[in-house]
Amino acid sequence: MPFVELDTSLPAERLPPGLAQTLCAATADILGKPAERVNVTVRSGLPMVLSGSAEPCAQLVVSSIGVVGTAEQNKGHSARFFDVLTAQLGLGPDRILIRFYPLEPWQIGKNRTVMTFL
């Protein structure tokens, strides 16, 4: 059950229509998970500073069970997410940062229990 959170200083009107759905489909493909299990949040127009600069930027947080736990996995994921983000946001790769967080099933609550028991 991947969670993807995109924070950007770009105003909402500069984001392409359907960006959340595009990120959902891309995440499913990149991580090899069904789109029905992917959760996406997009927050725009945020005051942000990346690498000391307030120029337009974005940060992506990717959290999931079992597929973001190693440097080798994340190296491949990073390249593919950067391709999507640079194309969708019109930002250079130096203005985007990605953080990966591995999750355990007991850390995700759903349907009044946790994923461990579903």
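For clarity, every value in this text was computed on a predicted model and none was experimentally measured. Values below: every heavy atom of this structure, side chains too, minus hydrogens, waters and symmetry copies. Residue numbers start at 1 and run along the sequence shown.
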At what distance, to the nearest 0.5 angstrom, does [atom1] of [X] lie from [atom2] of [Y]?
X	Y	atom1	atom2	value
M48	Q59	CE	CD	4.0 Å
F3	M1	CZ	CE	5.5 Å
L31	F100	CG	CZ	8.0 Å
C24	R37	SG	CZ	13.0 Å
L19	T8	CG	OG1	9.0 Å
Q73	I30	CD	CD1	13.5 Å

Beyond-backbone contact of L60 with L85, side-chain heavy atoms, under 4.5 angstrom: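 L60 reaches L85 side chain to side chain.
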Any side-chain heavy-atom pair of S44 and L46 under 4.5 Å: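 A side-chain contact is absent here, since even the closest heavy-atom pair is not under 4.5 Å.
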Using the side-chain contact (heavy atoms from CB on, under 4.5 Å) definition, which of the options [options] pairs with [X]?
X	options	answer
I108	T116, L103, V114	L103
F81	T27, I96, N74	T27
L91	L50, L10, T86	L10

Would you kindly confirm whether [X] and [Y] end up in one hydrophobic cluster when ILVMFWY residues are joined by side chain heavy atoms under 4.5 Å apart?
X	Y	result
I65	L118	yes
F82	V4	yes
L6	V84	yes
V62	V42	yes

Please report the shortest heavy-atom distance between [X] and [Y], naming the atom on each side.
X	Y	result
K33	P2	CG-CG, 3.6 Å
R14	L89	NH2-O, 4.4 Å
S78	I98	O-CD1, 4.0 Å
H77	V68	CD2-CG1, 4.0 Å
Q107	P102	OE1-O, 4.3 Å
A28	P34	CB-C, 4.2 Å

Backbone N/O of P47 and side chain of S9: donor-acceptor pair under 3.5 Å: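 No, S9 side chain to P47 backbone: no donor-acceptor pair under 3.5 Å.
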Donor-acceptor under 3.5 Å (R95 side chain, P56 main chain):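 At least one qualifying donor-acceptor pair exists.
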Whether over 12 other heavy atoms sit under 6.0 Å from Q21 CD: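 No, CD of Q21 has 12 or fewer neighbouring heavy atoms, counting only those of other groups under 6.0 Å.
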Ion pair R43/E5, N-O distance below 4.0 Å: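 E5 and R43: salt-bridged.
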